[in-house]
Visitor: 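One structure, pasted below without further comment.
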Number of protein chains: 2
Amino acid sequence: MQTVDKAVELLGYFSERQPEFGLSELARTSGFDKASTRRLLLALIKHDYIEQNPTTKAYRLGIGVLRLARVRETSTPTEAIVNPLLQKLVAITGESAHFSLLSGGRISSVGIVESSKSNRISFVQGEEGAIHATSSGIVCLAFSSDESINEVLKDGLEAFTEHTITDARQFRKMLQAVRNEGYHINHELYEKDVCSIAAPVFNQAMRPIGALAVAAPTSRFGSGAKKQILTAVYEAAAAASRAFGAEIDGSKL
Amino acid sequence: MQTVDKAVELLGYFSERQPEFGLSELARTSGFDKASTRRLLLALIKHDYIEQNPTTKAYRLGIGVLRLARVRETSTPTEAIVNPLLQKLVAITGESAHFSLLSGGRISSVGIVESSKSNRISFVQGEEGAIHATSSGIVCLAFSSDESINEVLKDGLEAFTEHTITDARQFRKMLQAVRNEGYHINHELYEKDVCSIAAPVFNQAMRPIGALAVAAPTSRFGSGAKKQILTAVYEAAAAASRAFGAEIDGSKL
DNA sequence: TCATGCCGGTTCACTATTATCACCAGTAGT
DNA sequence: ACTACTGGTGATAATAGTGAACCGGCATGA
C-alpha cells in the first residue's frame with residue numbers, strides 16, 4: 001500500500017501557508033518522481049480530493065474533502081465538544097484559549113476563543129505552529145511515538161526566541177517531564193512576551209489528537225495566574241479526552 | 001494508481017447515514033478482498049484519515065479530514081461564498097434555500113438557510129439526496145459526464161413518489177432539457193407536496209460542483225412564485241459560479 | 001536571434017508491488 | 001458441539017507502479 005501512502009502524503013503537503021502547488025514543485029517537495037506525482041494527483045482528482053486550476057495549472061485540495069469533514073463532524077463532533085470547553089477556559093482564566101489539532105506531524109489551531117482583554121494573545125484559524133516550540137505541539141509530541149519524535153529532531157530544532165530549546169538531549173528531557181506531569185508550561189519558547197499552558201487531548205485509542213491551551217502575555221503570567229490556568233486547562237483537556245472516548249483518571253494534579 | 005483509487009473509494013463509503021464500518025462490512029460494500037480492505041485502511045489510518053474504534057473495532061473517518069477541509073476552506077472559501085447568496089435567496093423568495101455539493105457521485109446539502117415561515121421545507125446538514133430525484137441532483141447530473149449519467153442509470157431509478165421519473169429514456173430527455181435551460185423545476189419528484197428549483201454551480205474548470213436550490217410546499221408554488229424563485233435561483237447560481245472562477249454569460253433567461 | 005532552463009505533461013522498458021485464498025482465533029446462537 | 005459469523009494474517013500467484021528520457025511551450029538573458 002505504498003502507493004496509497006504516497007497519495008495521502010501528497011494531501012498532507014497542502015497547508016494554509018501553501019494551499020497550491022505546481023506539478024514540479026510538489027514533486028520536489030515530496031521527493032517523488034514528476035510522473036508518479038502526476039499519476040497520484042490524477043487519481044485524487046478523479047475522486048474530487050484534488051482539483052486543478054485550469055489557467056495556472058496549479059493543484060489544490062478539492063471539494064471532496066469538505067464532504068469528508070462534514071461526515072466526520074456529524075458522526076463524531078469535534079467542534080461541538082471543544083468549543084464549550086474553550087468558552088469555559090476563557091471565562092475562568094480571562095485569557096485566550098485554543099484547540100490545536102495534531103495531524104500528519106503538523107499542529108494547527110482549529111478552535112479559538114479569545115480573551116476580552118484588550119492586551120490579549122490572538123490566534124489565526126488554522127495557523128500552523130512549530131511542533132517543538134509551541135506548548136500544544138510539545139504536549140502532543142510528548143505522548144506521540146518515538147518515530148514522530150525522531151522525525152522532528154532529525155530536521156533540527158529551529159530557534160524562534162532566545163528561550164527556544166534547540167538541543168536534542170534537553171528537548172527529550174523536557175518531553176519526559178511533560179509525560180510525567182501531563183502538561184507543559186511554555187515560557188516564551190515560541191514568541192517573545194507570550195506564555196502558554198497546554199494539556200493533551202486523547203482519543204479512544206489513547207493517542208494524542210491535539211491539545212487545549214491557554215496563552216497570556218508574560219506580564220500577566222504570575223504564579224497565581226499560572227496555577228489557575230494550569231488546573232483549568234488540565235481539567236478541560238481531561239474532559240475533552242473523555243468526550244472523545246479516552247479513559248482518563250483525571251486526578252493527576 | 002488503481003490502489004489509490006481503491007483507497008479513496010473506501011473513504012467515499014463513509015457517509016452521514018453510515019459513518020462507521022466493520023472490516024467485513026466494508027469489504028462487502030466495496031467488493032474488495034477483506035485482506036486488501038484492511039491494508040488500505042491501515043494506510044489511511046497511518047495518515048489519520050481513518051481511525052478505528054478500539055472497543056468495537058469499527059472504522060470511521062479520522063481527524064485528518066478536518067485539517068484538509070480547513071485548508072481548503074481558508075484557501076478557496078466555499079461557505080463564505082455560498083452563505084450570503086442563500087440568505088439573499090431566502091430574503092427574496094421567502095422559502096428555504098440550500099446549497100448541495102456534488103462529490104463522488106453523491107449529492108449532499110452543505111449549506112442551509114431556512115424560510116421564516118412556519119410551513120417551510122426543512123433540510124438536514126449533510127443529508128444525502130437521491131441524485132435522480134432531487135432538483136439539485138438533476139441539474140448537477142445534467143452537466144456531468146456521460147459516464148456519471150450512465151452510472152446513475154445502471155442502478156435503476158428508484159421511485160420516491162408517483163411523480164419520480166423512473167424511465168431511462170424519459171430521464172435522459174429531462175437532462176437534455178436541463179442542459180438547454182440551465183435549471184430544473186422539480187414537482188414532487190422526491191417528496192410529496194415539495195417542489196423546488198435548482199441551478200448548477202460550476203467551478204473554474206466548468207465542471208458542476210454543486211447546486212443552489214429553493215424549495216417550497218406545492219401550495220405556495222404558483223406560477224408567480226415559480227417565476228420569482230427561478231430568476232433568483234438562476235442568478236444566485238451564476239454569481240456563485242463566477243465566485244468559483246467559472247465564466248458564465250449570465251443572460252440565459 | 002539563438003541558447004538556456006524551467007514548466008506541465010507523456011512514453012515505455014524495467015521493476016516493484018498488490019491480490020487472493022486458505023487459514024486462525026474468538027464469539028454468539030442453536 | 002456445531003454453525004456462522006467476526007477481525008485479522010501470511011505466502012504465493014498475478015498484477016501493478018516506476019522513472020529516465022523526451023516533448024512542446026514559454027520566459028529570461030546573452
Side-chain angles (χ1 to χ4, degrees), chain A residues 1-14 17-62 75-76 145 203-207 245 247, chain B residues 1-15 17-62 75-76 145 203-207 245:
Chain A
M1 304 292 121
Q2 317 176 79
T3 345
V4 179
D5 276 328
K6 292 179 185 174
V8 294
E9 185 180 332
L10 283 188
L11 290 177
Y13 290 116
F14 294 87
R17 281 206 314 259
Q18 186 158 11
E20 282 200 349
F21 282 88
L23 177 57
S24 302
E25 198 177 7
L26 189 54
R28 246 180 286 116
T29 310
S30 61
F32 307 149
D33 188 88
K34 212 171 46 162
S36 297
T37 307
R38 177 117 211 290
R39 279 189 293 255
L40 294 167
L41 285 171
L42 285 179
L44 292 168
I45 287 174
K46 191 153 79 183
H47 296 264
D48 286 329
Y49 295 124
I50 292 285
E51 62 187 30
Q52 187 176 24
N53 185 320
T55 57
T56 68
K57 302 286 182 186
Y59 298 91
R60 59 169 118 93
L61 292 174
S75 64
T76 43
S145 65
N203 69 1
Q204 212 160 4
M206 289 305 282
R207 275 204 17 204
E247 288 178 15
Chain B
M1 305 291 116
Q2 317 179 69
T3 344
V4 178
D5 276 329
K6 291 180 185 174
V8 294
E9 184 180 332
L10 284 188
L11 290 178
Y13 291 115
F14 294 87
S15 68
R17 281 206 314 259
Q18 187 159 9
E20 283 200 347
F21 281 89
L23 177 57
S24 302
E25 197 178 7
L26 189 54
R28 245 180 284 115
T29 309
S30 61
F32 307 149
D33 188 88
K34 213 170 46 164
S36 298
T37 306
R38 178 117 210 291
R39 278 191 295 259
L40 292 167
L41 285 170
L42 285 179
L44 293 167
I45 286 173
K46 191 152 80 186
H47 297 264
D48 286 331
Y49 295 125
I50 291 285
E51 62 187 29
Q52 187 177 22
N53 184 322
T55 56
T56 67
K57 302 287 182 185
Y59 298 91
R60 59 170 118 92
L61 292 174
S75 65
T76 44
S145 65
N203 69 0
Q204 212 160 3
M206 290 303 284
R207 275 200 20 203

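In what follows, every chain begins at residue 1, and chains take the letters A, B, ... in the order their sequences are listed.
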Visitor: Closest heavy-atom contact between B:Thr3 and A:Val4?
Guide: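 For B:Thr3 and A:Val4, the tightest heavy-atom pair comes out as O-CG2, 3.7 Å.
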
Visitor: Where along residues 31-43 of chain A does a heavy atom come under 4.0 Å from DNA chain C, residue by residue in number order?
Guide: A:Lys34, A:Ala35, A:Arg38

Visitor: Between atom CG in A:Leu23 and atom P in D:dG25, what is the gap in whole Å?
Guide: 18 Å

Visitor: CG of B:Leu10 versus C1' of C:dA19: gap in Å, rounded?
Guide: 14 Å

Visitor: Are A:Leu23 and A:Leu41 close enough that some pair of their side-chain heavy atoms sits under 4.5 Å apart?
Guide: yes

Visitor: Take A:Lys57 and B:Gln2, find for each the nucleotide of DNA chain C with the closest heavy atom, and name the residue whose nucleotide sits nearer the 5' end.
Guide: A:Lys57

Visitor: Rounded to the nearest 0.5 Å, what's the gap from CD on A:Gln18 to OH on A:Tyr13? Could you check?
Guide: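 Reported value, rounded in 0.5 Å steps: 11.5 Å.
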
Visitor: Mind checking if B:Tyr59 touches a base, just sugar-phosphate, or nothing, with heavy atoms under 4.0 Å?
Guide: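 Contact class for B:Tyr59: sugar-phosphate only.
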
Visitor: Can you see which heavy atom on A:Glu25 is nearest to which on A:Glu20, and at what distance?
Guide: OE1-O, 4.4 Å

Visitor: Nearest-Å distance, CG (A:Asp5) to P (D:dT18)?
Guide: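 Computing the A:Asp5:CG to D:dT18:P distance gives 11 Å.
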
Visitor: Write down the distance between CD (B:Glu20) and P (D:dT6), rounded to a whole number of angstrom.
Guide: 16 Å

Visitor: Please state whether the phosphate of D:dG8, meaning OP1 or OP2, lies under 4.0 angstrom from any side-chain nitrogen or oxygen of B:Gln52.
Guide: yes

Visitor: Tell me the closest heavy-atom pair linking B:Tyr49 and B:Leu11, and the distance in Å.
Guide: O-CD2, 4.1 Å

Visitor: Do B:Lys6 and B:Phe32 have side chains that get closer than 4.5 Å, going by heavy atoms?
Guide: yes

Visitor: Under 4.0 Å from OP1 or OP2 of C:dT17: is there any side-chain N or O of A:Thr3 that close?
Guide: no

Visitor: Provide a list of protein-nucleic acid N or O atom pairs under 3.5 angstrom, restricted to nucleotides 28-30 of chain C.
Guide:
none

Visitor: Atom CD of A:Glu25 and atom P of C:dG8: how far apart are they, to the nearest Å?
Guide: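 My rounded result for the distance is 8 Å.
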
Visitor: Tell me yes or no: between the side chains of A:Gln204 and B:Glu51, is some donor less than 3.5 Å from an acceptor?
Guide: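 Not at all, the side chains of A:Gln204 and B:Glu51 share no donor-acceptor pair under 3.5 Å.
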
Visitor: When rounded to the nearest 0.5 angstrom, what distance separates CD1 in B:Ile50 from CZ in B:Arg60?
Guide: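 Those atoms lie 10.0 Å apart.
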
Visitor: With side chain to side chain donor-acceptor pair (under 3.5 Å) as the rule and sequence neighbours excluded, what pairs involving residues 29-39 of chain B come up?
Guide: B:Arg38-B:Tyr59

